[in-house]
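Here is the structure we will look at, set down as structure tokens.
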Protein chains: 2
Amino acid sequence: MGTVPVGVGGVRVTESSSASLVVDDGERVGKKGGVGRGAPEAKTAMALKNHSEAERRRRERINSHLATLRTMVPCSDKMDKAAILAQVINHVKELKSKAVEISKGYNIPSDTDEVRVEAEANAVNSGSFYIRATLCCEDRPELFAELRQTLDTLQLKLIRAEISTLSGRVKNILIMRCDDNANDIDRHIYTASVHQALKSVLDRVNSTVDFYPRAKRRRISMFESSCSSS
Amino acid sequence: MGTVPVGVGGVRVTESSSASLVVDDGERVGKKGGVGRGAPEAKTAMALKNHSEAERRRRERINSHLATLRTMVPCSDKMDKAAILAQVINHVKELKSKAVEISKGYNIPSDTDEVRVEAEANAVNSGSFYIRATLCCEDRPELFAELRQTLDTLQLKLIRAEISTLSGRVKNILIMRCDDNANDIDRHIYTASVHQALKSVLDRVNSTVDFYPRAKRRRISMFESSCSSS
DNA sequence: CAGCACACGTGAGCC
DNA sequence: TGGCTCACGTGTGCT
């Protein structure tokens, strides 16, 4: 047969506007019964078949992903599609909130880049003072060496470093001492240049990180659900 | 053919294969114009209309959840449905692996209940020995008091407790001393009774936890993706 | 049979 | 043009 077995398929009319019911410009109606010029019919029939098969594959892709999600999310046996998706949404939210909760109190690298430099409040009032710097970015093996080198050229002595990594991200917290004779203004200038230096380190990381598989310049935070479209 | 440009609303005619185009066994064709035995036609028409509207609502539910997911997952603008779902799957996996990664080294309460009791290996070879007990379950305000009371009746002295909570779950790690004169057999018996006592505490928690909103006796682990069907 | 959920084939529109 | 996605209305089966 031409097309599908078409159960009840026949003509369907949804009530509505008006007219148009009878239009049929004659040629399209051919179907298999008609003779007409044989070629085009077979073609459109094939096209239609391809179409429905493609659509079928598409549906299978979507449904297989849905099936996967069903297994990943709190046991949802016999839930309809919408319920599964709702459950997935809640699950993702819960995972995120757990992540942020765990991170409280620990210095866990976040998913957003961060450069922070601050002069320590309790700096001794002598020729030297302390700076606390934070750099959070994609992890790279040579990053810490590069960081030390950068700080060396700024004549900063690394006192203590707290480094944590998570899923390819790294967060460095660096306590450093500057031994220059420095008045208040110098300290601000110093702080600013340290900030700038770290920012350029970050930029270098972000310009080369594309060579690595997990390259995602802009990633969504575990904590935020912002989605900058544009 | 009939299918005028008509956006969505208007008359829709699905070309049928053979037959049915012209068949119309009279009664079925009625439309609104027909008189005949008016009732059944209008009824099925209404049913059909309801059906398609319900289906539309269903689609809207699913699609709105999909839209929500799109905003929660790493920026997926202009991805098709299947791609969004695939992305969600990866995102959930990543969140889970991050969670398990973070938890390494810390005593974070897991999503599965746990009772563990062990005699400390480095127990002094005297009349007293140490027991390390772990209880992980849903959190309840009075849990710790109840725990202490339970241990008191077992004549266990609490030496140290490490308690961590996360998203309504709690994990207690208790180091306790038993001052009874005890040979090896007594220790095993003791350990077993402590285990049993803690299990009954857990059972009590699980039997009353339903009064609390976040009651979920069986929850899927952040770490495991097992889904016991049945 | 109403109500619901799903799979299907198809028309429209977009590269 | 053909391949693709999406929304739609509908057939079907389950409760």
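Below, read A as the first sequence line, B as the second, and so on, with proteins coming before strands; counting in each chain starts at 1.
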*Pair A:Arg56 + A:Glu53, salt bridge at N-O below 4.0 Å*: no
*Measure the shortest side-chain to side-chain distance between B:Lys81 and B:Asn63 over non-hydrogen atoms and say whether it is less than 4.5 angstrom.*
yes
*Nearest-angstrom distance from the residue atom CZ of B:Arg70 to C1' of D:dC6*: 12 Å
*Write down the distance between NZ (B:Lys49) and P (C:dA2), rounded to a whole number of angstrom.*
16 Å
*Does some side-chain heavy atom of A:Cys136 sit less than 4.5 Å from a side-chain heavy atom of A:Val170?*
no
*For B:Asp80 and C:dC15, give me the distance from atom CG to atom P, rounded to whole Å.*
14 Å
*Taking NE2 from A:His51 and P from C:dG9, how many angstroms apart are they, rounded to a whole number?*
11 Å
*Roughly, in whole Å, what's the span from NZ in A:Lys78 to P in C:dC4?*
18 Å
*Looking at CG of A:Leu66 and CD1 of B:Ile62, how far apart are the two atoms once the value is rounded to the nearest 0.5 Å?*
8.0 Å
*Please state how far atom CE in B:Met79 lies from atom C1' in D:dC4, giving the value in whole angstrom units.*
16 Å
*asked:* Any heavy-atom pair between the side chains of B:Asp111 and A:Lys98 that's under 4.5 Å?
replied: yes
*Kindly state which residues belonging to residues 52-63 of chain B come within less than 4.0 angstrom of DNA chain C, counting heavy atoms of the residue only, listed by number.*
B:Glu55, B:Arg58, B:Arg61
*Pairing of A:Glu60 and A:Arg57 as salt bridge, 4.0 angstrom limit*: no
